[in-house]
Structure formats: C-alpha cells, structure tokens
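Here is the structure we will look at, set down as structure tokens.
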Amino acid sequence: MEYDPGLVRIRQCAIEDAAGPSFPPIEFQAEQEAAHPVLQKRVCVVRVRLAPLPWLTINEVKKIADFIKNKVPCNPKIGIVCGSGLGVIGDRIRNGVYIKYEDIPGFLVSTVVGHRGALLIGDLNGVEVVCMLGRFHFYEGYPTWKCALPIRVMRFLGVETVIVTNAAGSVNPTYRVGDVMLLKDHLFLPSICGGLNPLIGPNDDKLGVRFPSLTTAYDKKLREIALETAEALGLRESFHEGVYVMNSGPAFETIAELNFLRSAGADAVGMSTLPEVVTARHCGLRVLAFSLITNECIMEYDSDKPHPTQEEVIETAEAKQEQISDFVFHLVSGMNKEALAC
Ligand SMILES: O=P(O)(O)O[C@H]1O[C@H](CO)[C@@H](O)[C@H]1O
C-alpha cells in the first residue's frame with residue numbers, strides 16, 4: 001500500500017512531558033513506514049511538532065509562588081485584589097513587604113491608571129494577607145486566564161479566601177455613587193458570548209475539576225459577615241447585594257447596551273473581576289467580591305448627566321477610600337474568626 005502523508009489522521013494525541021499536559025499537535029511529518037512486529041500491520045512513524053503552550057502548568061505557577069515565598073516567607077490565608085483607585089486598602093497593612101510585579105518572573109505588569117502594580121504581604125488587623133495593588137484587565141491585552149494568574153499564585157501561597165474588589169457603574173437606578181454592592185451573582189458576558197472563559201484550555205485535575213459549578217460562586221456566609229461589618233460601621237444603608245456584569249472594555253457601554261444589561265438582571269457593570277472569581281472557584285477558594293459604585297450609568301437618550309470617565313471613577317474611589325479601607329480592615333478580622341471557628 002502506498003503511504004500518502006496527506007491521508008494521515010491522528011484523532012487524538014495527548015503527550016505528557018515533564019512540564020505537564022500538552023495540547024493537540026499542529027504538524028505531523030511522516031518519517032518512515034514499517035511493518036509492526038506484533039500487530040502485523042503497516043504503521044508509520046511520525047514526527048510531531050507541538051503547538052507552543054500558551055497556558056502555564058501547575059509547576060510553573062508554583063514556581064512563581066515559590067519565588068515570592070523565598071523573597072518574603074509568608075503564610076497568607078486571605079488574598080485581596082484592589083480595584084481601580086482602591087489600592088489604599090494596602091495602607092492599613094502593617095509590617096508589609098512590597099514586591100513589584102515587574103520583579104516577579106513570569107508575572108504581568110499593570111498598565112492602567114489607579115493600579116499601583118505590586119504585591120503587598122503583611123498584617124491586616126491581625127490577619128496575614130497578600131494584597132494585589134492593581135490588577136490585570138482583558139482590555140490591556142492579557143487573555144482572561146492570565147488576568148487571573150495571580151489568583152492561582154495566591155492559592156499556592158496558601159490563600160483560602162479571596163476578597164475581589166472593583167470600581168463599577170450603577171445599572172440599578174436605586175444605587176447611588178459611593179454605594180457598595182456585594183456580588184451575589186454575575187453575568188460573565190465575555191465568557192458566555194465571546195468564549196473568553198479563563199478556564200479554557202487543558203484542565204489540570206490536581207487544581208480543579210474540568211466543569212466547575214458556579215451556582216454558589218459568592219459565599220453566603222462571607223456576604224453575611226460583610227453585611228454585619230457594614231452594619232457595625234454604620235454603613236449598612238449604602239450596601240447592596242446584586243449582580244455584576246463584565247463588559248470586556250475598554251469602551252464604556254452604550255445606552256442600548258446598558259438597558260439590555262438591566263433587563264438581563266444586572267445591577268452594576270465593570271471590566272474586571274469575573275476571570276478572577278471563576279479561577280478562584282475552580283481552585284477551591286472561597287470568594288467575597290464587592291463593587292464600589294463610582295459612577296451612575298446613563299440609561300436615557302438626551303440625558304444631561306456627565307458621561308462616564310476614568311477620572312470620575314478614580315475621583316469617587318479616592319473620596320471613598322477611607323471608608324472602603326476601614327470596611328476591609330474589619331471585614332478580614334470577621335472572616336478570619338469565622339474561618340478559625342469552622
Ligand atoms: O474593575 P477595576 O479594576 O476596579 O476598574 C474599573 O475601572 C476602569 C474603568 O474606569 C475599568 O478597568 C473598570 O473595570
């Protein structure tokens with residue numbers, strides 16, 4: 001039988017190398033053909049060129065965590081992601097050690113105003129935390145799995161719970177600028193409509209299951225603690241629980257889009273957070289997430305309200321930063337007590 005390289009079909013090929021699982025090969029080249037000694041069939045030996053792996057393996061993520069641990073011996077149980085203008089949360093951390101993102105091999109760099117670009121590890125109200133002073137956004141050009149890479153790094157630093165914060169616009173007309181919305185659910189539009197789920201790619205079962213459930217993504221007990229903390233600080237009236245929707249950004253939404261999002265059940269809209277939340281749930285972390293409402297979204301045509309700007313977002317975040325950092329300061333203590341009691 002004549003061997004025709006054009007007819008070779010390899011239906012599935014998973015190759016384990018030292019670094020972990022590979023993805024489908026992209027090129028086959030026939031090298032030789034021979035009779036198989038046992039099967040008594042003609043077989044061909046092929047040379048396989050693998051597609052370069054875009055994803056990091058568990059070992060590569062562990063290496064980043066090990067680098068951090070070698071620099072700063074630590075055992076944080078809570079991880080915090082600071083949203084736009086909310087890096088001030090880190091100012092309450094005592095005995096903190098900063099590591100700039102650019103100094104961490106394999107990490108990313110922040111490119112957005114209002115994101116300082118460093119990890120801060122230290123003591124927040126008696127709890128050891130690792131705090132991201134600045135996050136990564138899809139619109140900066142990072143794929144969603146990379147935006148969420150720090151969450152996996154946190155997991156290998158020993159973190160069990162993450163507090164993910166963001167600045168967001170209000171879609172719910174009863175919200176006011178300066179209010180806080182605890183996320184009770186989300187609409188991950190870039191995932192549902194755009195195939196941008198951060199878990200796309202080979203799954204490592206040692207980290208999490210292939211098909212994680214997100215039915216209880218936002219921990220109920222942690223939300224209760226957050227509301228009790230707000231109550232104790234006299235802030236309860238400005239706190240809500242609602243649905244966050246992610247727009248990939250960087251453009252703010254049109255009026256038609258905002259009305260569509262409202263009718264779909266959204267209360268606040270932003271351009272971040274969900275890659276981190278999905279990744280955290282996948283690797284077994286508990287999640288509390290909240291939005292600071294930094295601007296009112298314009299939902300009507302011919303409105304004379306100001307158009308949303310990054311400056312307004314940062315201004316509101318700065319005006320509220322003391323309140324937010326006070327809230328997080330007390331929140332971590334309540335969360336820690338609950339974790340110790342479990
Ligand atoms: O979600 P964070 O990082 O808080 O930032 C929010 O603020 C920026 C828009 O002003 C966008 O990046 C949006 O996502």
Side-chain angles (χ1 to χ4, degrees), residues 81-87 101 108-117 132-150 164-173 175-181 183 185-198 200 242-279 289-320:
V81 182
C82 298
S84 286
L86 296 176
Y101 293 156
L108 304 83
V109 287
S110 284
T111 66
V112 186
V113 178
H115 292 262
R116 292 190 212 165
M132 284 185 72
L133 303 177
R135 62 144 57 82
F136 310 110
H137 303 84
F138 177 71
Y139 64 73
E140 291 173 74
Y142 295 123
T144 53
W145 71 266
K146 236 178 185 179
C147 296
L149 172 64
V164 188
T165 73
N166 62 62
S170 64
V171 186
N172 182 324
Y175 291 3
R176 296 284 158 258
V177 170
D179 285 0
V180 169
M181 183 190 84
L183 275 67
D185 205 345
H186 70 225
L187 286 165
F188 194 169
L189 286 191
S191 168
I192 292 187
C193 306
L196 294 174
N197 193 291
I200 286 172
V243 176
Y244 175 93
V245 59
M246 180 184 170
N247 159 14
S248 71
F252 288 107
E253 305 72 30
T254 66
I255 293 172
E257 283 165 350
L258 289 163
N259 282 294
F260 164 72
L261 297 175
R262 181 67 188 144
S263 69
D267 295 297
V269 58
M271 306 173 191
S272 70
T273 299
L274 304 188
E276 294 146 352
V277 168
V278 170
T279 302
F290 69 84
S291 302
L292 172 65
I293 303 300
T294 51
N295 57 288
E296 194 184 321
C297 292
I298 300 174
M299 314 274 289
E300 305 98 34
Y301 294 99
D302 304 322
S303 161
D304 51 13
K305 290 178 187 161
H307 295 184
T309 62
Q310 168 74 350
E311 290 70 30
E312 181 189 12
V313 168
I314 299 295
E315 251 169 51
T316 309
E318 281 175 356
K320 283 282 161 181

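Because only heavy atoms are used, hydrogens play no part in the values below, and waters and symmetry mates are left out as well, while side chains stay in. The structure displayed is predicted, hence computed values, not measured ones.
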Nearest heavy-atom pair of [X] and [Y]: which atoms, and what distance?
X	Y	value
Phe138	Leu196	CZ-CD1, 3.4 Å
Ala167	Val313	CB-CG1, 3.6 Å
Ile298	Ser303	CG2-CB, 3.6 Å
Leu133	Cys82	CD2-SG, 4.1 Å

Identified side-chain contact (heavy atoms from CB on, under 4.5 Å) partner of Tyr244 from the options Leu274, Val269, Asp267, Val277: Leu274
Option from Pro150, Pro198, Cys147 for which side-chain contact (heavy atoms from CB on, under 4.5 Å) with Thr279 holds: Pro198
With rounding to the nearest 0.5 angstrom, report the [atom1] to [atom2] distance, [X] to [Y].
X	Y	atom1	atom2	result
Arg116	Met132	CZ	CE	13.5 Å
Asn166	Phe290	CG	CZ	8.5 Å
Glu140	Leu108	CD	CG	8.5 Å
Lys305	Glu296	NZ	CD	4.0 Å
Met271	Ser84	CE	OG	9.0 Å
Ser272	Arg135	OG	CZ	3.5 Å

Looking at side-chain heavy atoms only, is the closest gap between [X] and [Y] below 4.5 Å?
X	Y	value
Phe252	Cys297	no
Ser291	Leu183	yes
Asn247	Leu261	no
Met246	Thr273	no
Val180	Lys320	no

Within the side chain of [X], is there an N or O that forms a donor-acceptor pair under 3.5 Å with the backbone of [Y]?
X	Y	answer
Arg176	Ile293	no
Ser170	Ala268	no
Ser248	Pro190	no
Thr294	Ala168	yes

Parallel, tilted or perpendicular: rings of Tyr101 and Phe136 (30°, 60°): tilted
Aromatic ring pairing His137/Tyr139, orientation class (parallel under 30°, perpendicular over 60°, tilted between): parallel
CA sep, side-chain torsions, deciding dist, call: Asn172, Arg262, side chain to side chain contact (heavy atoms under 4.5 Å, CB included): CA-CA 7 Å; Asn172 182 324; Arg262 181 67 188 144; 3.8 Å; yes
Residues Asn295, Glu312; criterion side-chain hydrogen bond (donor to acceptor under 3.5 Å, both in side chains); working and verdict: CA-CA 7 Å; Asn295 57 288; Glu312 181 189 12; 5.0 Å; no
